[in-house]
Amino acid sequence: MKRLNLAQQMARRMPAGALGTLEKVEKAACQRGWRIYLAGGAVRDLLLRRPVLDIDLVVEGDAVQLAVETAKTLKAGRLTIHPPFLTASIRAPGLNMDFATARTESYTCPGALPSVRPAKLDDDLRRRDFSINAMAVSLNSADFGTLIDYCGGQADLKAGLIRVLHEESFRDDATRIWRAVRYEQRLGFAIERQTLTWLRHDLDKLQTVSGERIRHELECVFAEPYPEKVFRRATGLGIPKKLHPRLTMPRDLARWYARVRRVSTDKKTRGALYLALLTYNTSAAAAKQVCASLGLDKKATRIIDATHSLKSRLDALDDHPLQPSAIYQILNGYAEEAILANLTTARSGMVRRNIRFYLDELRYVKTELAGGDLLAIGMKKGPQIKAALEYLLAARLDGEVRTRRDEEKWLKESGFGN
Ligand code: ATP
């Protein structure tokens, strides 16, 4: 049977200039008697006629050495090497390339990272997560573009199925549970029946995986166009409860996440908001435990803490028309992400208006007079200066003073500096 050739798809769907670079890489590999392949998600996406942004190369040879030479030839881009995994990557403008030595993996115990040994392409593809991610395309001049599919990936792509390659797969690496749901929801596929049975059976193995690896999986979910779909499906399968027994998906999550996408385009802020909202309906204590079990850094933990702390004060923004200085006092000091998270969840139009007023205007208001000016008009160093500036700012916020002269007059009349 004639094997499918993807050379045309590659020319169409890869970043400009990528094919030229791959030719050079192939030449360098060929001179050393090594063979190279495009593998994994890139092949899946080519077959799905989607753009390929990340180029994952598998080398039957020394991937690290090949990457070092390629970086020299390119004269651009940042080279990173990961010796324990026999991999390296090059990040160049418009081109991300990962080089991996074809390898086989063995798992000493569930949840641990595998130990790796160089091997043939065949072994490398058979250690992968799902059949649709276990295909390769030859980049070697003799058969450039030829699809290599030992595990039935093409058939599963056609049938829309996420299938693991063997029964032990989720036990070897339970992060594949999150990955299965993520690909299923992203591609509009279904987890194949036998795979689903094994997934359900091995759910507990999620507890053997380090917080750092689970966090990475969550970050991947947050990078999806619709993370809420992944969480809905994951919740149906009981996956989030393996993170924390009281972690339940908020009923409004889809609406909240859609709002997040409207207010924030920045990837980091979005991720922080998605996570804060995922834990929004748990107790503050449970949210803290989730942060600890994921090994979140200080900043991310602080955002989740602050989100819960502000949530408990939200009613104060709803009572009646508030003075701008009162709004300021409630919201000042909270991380912007915590404020945005609460803006996302607020049901009351009044609360939302007040928060927007703060974010758009109030937080930028400054007094004209500074500490030095207050000393110059005779005030003594110490806490009095801070108090005076706070009063002055409140007066500014509430429109009682508008100019520097107003501020000076207001200070005198209020008894400061006497
Ligand atoms: P995405 O479009 O999400 O970037 P990708 O398939 O490129 O998809 P990566 O996480 O970059 O995903 O992984 C690259 C390849 O490495 C996968 O296609 C898969 O073949 C393999 N892989 C990644 N994670 C695992 C895992 N936990 N177990 C087995 N194979 C994996």
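Bear in mind that the values here come from a model prediction, so they are computed numbers and not experimental data. Atoms within each ligand, like the ligands themselves, are counted from 1 in listed order. Values below: all heavy atoms of this structure, side chains included; hydrogens, waters and symmetry mates excluded.
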(request) For atom 11 (O) of ligand 1, state which one of Asp54, Asp56, Val164 supplies the nearest heavy atom. (result) Asp56

(request) Could you check which of Leu165, Val58, Asp129 puts a non-hydrogen atom nearest to atom 31 (C) of ligand 1? (result) Asp129

(message) Between Arg179 and Tyr183, is there a side-chain donor-acceptor contact under 3.5 Å, judged purely by atom types and distance?
(response) yes

(message) Protein non-hydrogen atoms only, distance under 4.0 Å: does atom 4 (O) of ligand 1 have such a neighbour?
(response) no

(request) Could you establish whether Tyr183 and ligand 1 come within less than 4.0 Å of each other, counting only heavy atoms on the residue side? (result) yes

(request) Return the orientation label for the Tyr257 and Phe231 ring planes: parallel under 30°, perpendicular over 60°, tilted otherwise. (result) perpendicular

(message) Quick check: do Met10 and Leu46 have side-chain heavy atoms less than 4.5 Å from each other?
(response) yes

(request) Between Arg176, Arg179, Arg128, Arg127, flag the one that comes closest to atom 23 (C) of ligand 1 by a heavy atom. (result) Arg179

(request) Report yes if the side chains of Leu331 and Leu310 come closer than 4.5 Å at any heavy-atom pair, otherwise no. (result) yes

(request) State the atoms of ligand 1, each with its element, that fall below the 4.0 Å cut-off from a heavy-atom position in Arg182. (result) 3 (O)

(request) Hey, could you give me the CZ/CG distance between Phe85 and Asp98, rounded to the nearest 0.5 Å? (result) 13.5 Å

(message) Under a 4.0 angstrom heavy-atom cut-off, which atoms of ligand 1 come close to Thr175?
(response) 27 (N)

(message) How far is atom 18 (O) of ligand 1 from the closest protein heavy atom, and which atom is that?
(response) Gly41 N, 3.1 Å

(request) Examine the proximity of ligand 1 to Asp173 and report which part, side chain or backbone, both or neither, has a heavy atom under 4.0 Å away. (result) side chain

(message) I need the minimum non-hydrogen distance between Arg215 and Leu296, along with the two atoms involved.
(response) CD-CD2, 3.4 Å

(request) Consider every N or O of Ala134 and every N or O of ligand 1, then say whether any pair is closer than 3.5 Å. (result) no

(message) Taking Ser325's backbone N and O only, do any of them form a donor-acceptor pair with Asp398's side chain (distance below 3.5 Å, no angle check)?
(response) yes

(message) Need the ligand 1 atom indices (1-based, order shown) with element for anything under 4.0 Å from a heavy-atom of Gly40.
(response) 18 (O)

(message) If you compare all heavy atoms of Phe170 against all heavy atoms of Val164, which two are closest, and at what distance to 0.1 Å?
(response) CZ-CG1, 3.5 Å

(request) Using a 4.0 Å heavy-atom cut-off, say whether Arg186 meets ligand 1 through its side chain, its backbone, both or neither. (result) side chain

